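A short worksheet on the structure shown next.
Both counts, for ligands and for their atoms, begin at 1 and track the order of listing. These figures come from a predicted structure and were not determined experimentally.
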Amino acid sequence: MPDHFQVEHQDGGCRARTGRLTTPHGEIQTPIFMPVGTNASVKAMRPEDLTDAGAQIILANTYHLYLRPGHRLVEELGGLHRFMSWDRPILTDSGGFQVYSLTELRKITEEGVKFRSHIDGSMHLLTPELSIKVQEALGADIIMCFDECPPADAGREYVERSLAMTTRWAQRSKDAHTRRDQLLFGIVQGGRFSDLRQRSLQELQGIGFDGYALGGLSVGEEKPVMHEVMDACSDLLPADYPRYIMGIGTPEDLVEAVWRGYDMFDCVMPTRNARNGMLFTSQGRVNIKRKQYEQDQGPLDPACSCYVCRNYSRAYLRHLFRSGEILASMLNTHHNIAWYLSLMGRIREAIRQDQFEAFRKEFYHQQHTTAE
Ligand SMILES: CNc1nc2cc3nc[nH]c(=O)c3cc2[nH]1
C-alpha cells in the first residue's frame, strides 16, 4: 500500500470503494470529481464559492498556462496556488491531449509534439521533459505524464505504435520529475483494444507511478466502448493505487465508473453546460431557458441545499439566462458544480454503508423519471 493513498472502505456488493489521497496541499476523500479550471480559473466561480460548493481539488491545464501567462511568470509570482488564491490540491494535465484537441497544425515526433499556438500562431515544441518542467513550475500537487491520446477511430496498428511511444514518454516524464513532493500519475492508452490497454498498463507499472489514469476515453467513442475499456482495465489497475479516468463525464458516467472501481474524474460538463443553461437536478436535466419555467417560483432543485437553490427561483434563473446576464453563468455554474460534488458525497456515503448497488439502481431511475 503506497503511503499517499489508502482504500478506506470496499463496498461489500461491488467494486466501488472509498479512499483517502494525501497531497502537499491536503487530503482528498475519493471517489472525487475535479472541477476543471483550465486557465487557472474554474469559469464563473471564485475559490471561496468552490470551497463552499465542496470542491476538494481542481484541475488546470499545462498547455494553456504554458502559452499564457507562461509557467515561468506563474513560478515567479509564487506558483499556481498563490496566483489563483486556491490553497487546496491542484492536478495539472500534461498538455498532449490539449495540443491534439485544440490545434490544427501539429506534428508528432519521438521528441515531442510540434504545434502552432491557438492563441497567437507562434510555433512550439512540447516534450515530456518540458511538460514536467512546466507542471513543476506551476506547483501542482498531482502531475500527469506526457502522453499521446490517439484519435477515437484510430486503427490497431496506429494505437499499438502510439502506446509504445507513450510508454517511452512516460519513462522520460518520470526521469524528468525531480520534485518528489508532487505525485506523478501514468496515463494508460491502448484505445478500444483490451490487450493493448493491458500492455500499456504493465509497461507503466514497470516504470512505477503514484496513480494510474485511463486516457484515450471521452473522445467521441460509443458508450459501450467506453464501458468495455473501463471494465477491462478495472481488474488490471493496481487496486491499492488511485484510479483516474480523464474527461469523464455525465452524472451517469460517474456512477458507472465508480461502480467499476474508479476513484477520480474531471469534466467540463457541469461548468460548460451551466453557461448554456443546461442544469443538473435530482429529477434529471433542466433546460432553464424553456418557457415552462417563466412563472416557476420554486427552487431549481428542491432536493439541493446549494446557495442558488436556497435563494433563487427557476423564473429568475430563466430571466437572467435570457437577458444574457453575467450572473446567469455565475449562479448556474455554482449550482451545477455543487450538484456534481454533492452527488460524489452521496456516492461516498452509499459506499460506506455498502449500499452503492442500490444507490446505482435508484439513481438511474430518478434521473430518467422526468425527461426535461
Ligand atoms: C474530455 N475528454 C477527455 N479529456 C482528456 C484528457 C486527457 N489527458 C491526457 N491523456 C488523455 O488521453 C486524455 C483524454 C481525455 N479525454
**Asked** When rounded to the nearest 0.5 angstrom, what distance separates CG in Leu80 from CD1 in Ile90?
**Response** 4.0 Å

**Asked** To the nearest 0.5 Å, how far apart are CZ in Arg199 and OG in Ser194?
**Response** 12.5 Å

**Prompt:** Any N/O of Cys149 closer than 3.5 Å to an N/O of ligand 1?
**Reply:** no

**Message:** Measuring from atom 14 (C) of ligand 1, which candidate in Phe97, Tyr63, Tyr100 has the nearest non-hydrogen atom?
**Reply:** Phe97

**Asked** Going through the checks in order, is the ring pair (Phe, Tyr, Trp, His ring centres under 6.0 Å) test met by Tyr63 and His124?
**Response** CA-CA 11 Å; Tyr63 168 80; His124 298 268; 8.6 Å; no

**Fill in**
atom 10 (N) of ligand 1: of Asp147, Thr62, Asp266, Ile187, the nearest heavy atom sits on Asp147

**Request:** Could you list which atoms of ligand 1 come closer than 4.0 Å to a heavy atom of Gly215?
**Result:** 11 (C), 12 (O)

**Prompt:** How many angstroms lie between atom SG of Cys145 and atom CD of Gln189, to the nearest 0.5 angstrom?
**Reply:** 11.0 Å

**Message:** Would Arg156 pass as a cation-pi partner of Phe193, given that its NZ or CZ must be under 6.0 Å from the six-membered ring centre and within 45 degrees of the axis?
**Reply:** yes

**Request:** If you have a sec, work out which protein heavy atom is nearest atom 16 (N) of ligand 1 and how many Å separate them, to one decimal?
**Result:** Leu217 O, 2.7 Å

**Atoms in ligand 1 flagged as close to Asp93, the criterion being non-hydrogen separation under 4.0 Å** = 6 (C), 7 (C), 8 (N), 9 (C)

**Message:** Rounded at 0.5 Å granularity, tell me how far CG in Asp49 sits from OH in Tyr307.
**Reply:** 9.0 Å

**Check: His319/Ser323 side-chain N/O donor and acceptor closer than 3.5 Å** = yes

**Fill in**
For Gln189, the ligand 1 atoms with a heavy-atom partner under 4.0 Å come out as 10 (N), 11 (C), 12 (O)

**Request:** List every atom of ligand 1 that sits less than 4.0 Å from any heavy atom of Ser218, numbering the atoms from 1 in the order shown and giving each element.
**Result:** 1 (C), 2 (N), 3 (C), 16 (N)

**Asked** Under 4.0 Å from ligand 1, counting heavy atoms only, is it the side chain of Val268, its backbone, both or neither?
**Response** neither

**Fill in**
For Gly216, the atoms of ligand 1 under 4.0 Å from one of its heavy atoms are 11 (C), 12 (O), 14 (C)

